[in-house]
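Atom set for the values below is all heavy atoms of this structure, side chains included, hydrogens, waters and symmetry mates excluded.
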Amino acid sequence: QVQVVESGGDSVQPGGSLRLSCAASGSIFNIYAMTWYRQAPGKQRKLVAGIVRGGRPNYADSVKGRFTISRDNAKNTMYLEMNSLKPEDTAVYYCNALIATTQAPSREEVYWGQGTQVTVSS
């Protein structure tokens, strides 16, 4: 069994910073990719940033230069450093992880976290 849990969401003023974390735990054999998505009220869930194990990160154009994604493979944890936050960054941020478990090491499955709220407002 695998769990993916986000944390770090908060309310901040425009121009502020936050650091989100996504920790995966359980019977993990390997984590191939981890991705941040966000969903604003009344809108579709959209990709924010993603990182494949051993690969380069990719970002949505709207966050390039402001957000930085990173992974700590030893801790099965992904981070999203968010700077120069704007009101339009307000959303629930979700973690998505492509994981192979010890029970099925040759098959990857997608796991989602429950989300963490980020609110940017003056």
Side-chain angles (χ1 to χ4, degrees):
Q1 195 170 9
V2 172
Q3 282 191 321
V4 175
V5 179
E6 306 95 333
S7 61
D10 205 344
S11 294
V12 296
Q13 292 187 339
S17 299
L18 281 175
R19 188 193 197 203
L20 305 183
S21 299
C22 168
S25 62
S27 305
I28 296 172
F29 176 74
N30 197 12
I31 302 177
Y32 292 93
M34 300 185 84
T35 307
W36 286 102
Y37 286 80
R38 67 186 181 187
Q39 188 167 18
K43 296 189 177 180
Q44 289 187 330
R45 192 172 297 188
K46 293 184 177 180
L47 185 145
V48 176
I51 186 166
V52 177
R53 189 184 185 103
R56 290 186 175 184
N58 64 87
Y59 299 93
D61 287 343
S62 59
V63 306
K64 281 181 181 176
R66 299 188 299 122
F67 290 10
T68 303
I69 190 173
S70 61
R71 281 180 62 166
D72 184 334
N73 293 324
K75 295 181 179 180
N76 290 331
T77 299
M78 170 178 66
Y79 304 97
L80 186 68
E81 191 75 36
M82 304 188 296
N83 298 313
S84 303
L85 282 161
K86 304 175 181 180
E88 51 263 44
D89 295 317
T90 296
V92 178
Y93 284 69
Y94 295 92
C95 173
N96 169 299
L98 187 61
I99 297 173
T101 66
T102 54
Q103 291 88 349
S106 61
R107 186 180 75 210
E108 303 93 42
E109 293 187 19
V110 174
Y111 294 86
W112 287 94
Q114 82 291 345
T116 186
Q117 177 71 46
V118 172
T119 302
V120 185
S121 174
S122 55

Name every donor-acceptor pair, under 3.5 Å, that has one atom in a side chain of residues 9-17 and the other anywhere in the protein, sequence neighbours excluded.
| residue | atom | partner | partner atom | Å |
| --- | --- | --- | --- | --- |
| Ser17 | OG | Asn83 | OD1 | 2.8 |

Test of understanding: with side-chain contact (heavy atoms from CB on, under 4.5 Å), list the residues that count as partners of Arg107, not counting sequence neighbours.
Ala104, Glu109
Assigning hydrophobic clusters by single linkage (Ile, Leu, Val, Met, Phe, Trp, Tyr; side-chain heavy-atom cutoff under 4.5 Å), is Leu98 placed with Leu47?
yes
Do Val118 and Thr90 make a side-chain contact, defined as non-hydrogen atoms from C-beta onward lying under 4.5 Å apart?
no
State whether the number of non-hydrogen atoms from other residues, nucleotides or ligands found under 6.0 Å of Glu88 atom CD is greater than 12.
yes
For residues 28-36, run the donor-acceptor check on the side chains, cut-off 3.5 Å, and write out each pair with its distance to 0.1 Å, sequence neighbours left out.
| residue | atom | partner | partner atom | Å |
| --- | --- | --- | --- | --- |
| Asn30 | OD1 | Arg53 | NH1 | 3.1 |

Lys75 side, atom NZ; Ser25 side, atom OG - distance, nearest 0.5 Å
14.5 Å
Around atom CD of Gln103, are there more than 12 heavy atoms from other residues, nucleotides or ligands closer than 6.0 Å?
yes
Pro105 and Ala100 have their tightest heavy-atom pair at O-CB, 3.6 Å
Where at least one partner belongs to residues 28-111, residue pairs that pass disulfide bond (SG atoms under 2.5 Å apart), sequence neighbours excluded
Cys22-Cys95
Return each pair, listed once, that meets disulfide bond (SG atoms under 2.5 Å apart) where at least one residue sits in residues 28-59; pairs must be two or more places apart or across chains.
none
Residues in side-chain contact (heavy atoms from CB on, under 4.5 Å) contact with Thr68, at least two apart in sequence or another chain
Tyr59, Glu81
Go through Leu18 and Leu80 one step at a time and tell me if the side-chain contact (heavy atoms from CB on, under 4.5 Å) criterion holds.
CA-CA 8 Å; Leu18 281 175; Leu80 186 68; over 6 Å; no
Pairwise side-chain contact, Ile69 with Met78, heavy-atom cut-off 4.5 Å (strictly under)
yes
Side chains of Leu20 and Tyr79: does their closest heavy-atom pair fall under 4.5 Å?
no
Taking salt bridge (Lys or Arg N to Asp or Glu O under 4.0 Å) as the definition, give me every residue that meets it alongside Lys64, ordered by chain and number, with sequence neighbours left out.
Asp61
Should the heavy atoms of other residues, nucleotides or ligands under 6.0 Å from CD of Gln3 be counted, would the total exceed 12?
no
Evaluate the side-chain proximity of Glu6 to Gln114: yes if any heavy-atom separation is below 4.5 Å, no if none is.
yes
Euclidean distance, Asn96 CG relative to Ile99 CD1, rounded to 0.5 Å
9.0 Å
Within-4.5 Å side-chain heavy-atom neighbours: Thr77 and Arg71
no
Ser62: what forms a side-chain contact (heavy atoms from CB on, under 4.5 Å) with it, not counting sequence neighbours?
Arg38, Ala60
Across all chains, not counting sequence neighbours, the side chain to side chain donor-acceptor pair (under 3.5 Å) partners of Gln117 are Thr119
By side-chain contact (heavy atoms from CB on, under 4.5 Å), Arg45 pairs with (sequence neighbours left out) Tyr37, Gln39, Tyr94, Trp112
Write out all pairs satisfying salt bridge (charged side-chain N to carboxylate O under 4.0 Å, His left out) with one or both partners inside residues 91-103, taking only residues at least two apart or from two chains.
none
Euclidean distance, Asn58 CG relative to Ile51 CD1, rounded to 0.5 Å:
9.0 Å
Side-chain contact, heavy-atom cut-off 4.5 Å: Val120 with Lys86?
no
Can you run down the ring pair (Phe, Tyr, Trp, His ring centres under 6.0 Å) pairs that involve residues 5-28, sequence neighbours left out, and say none if there aren't any?
none
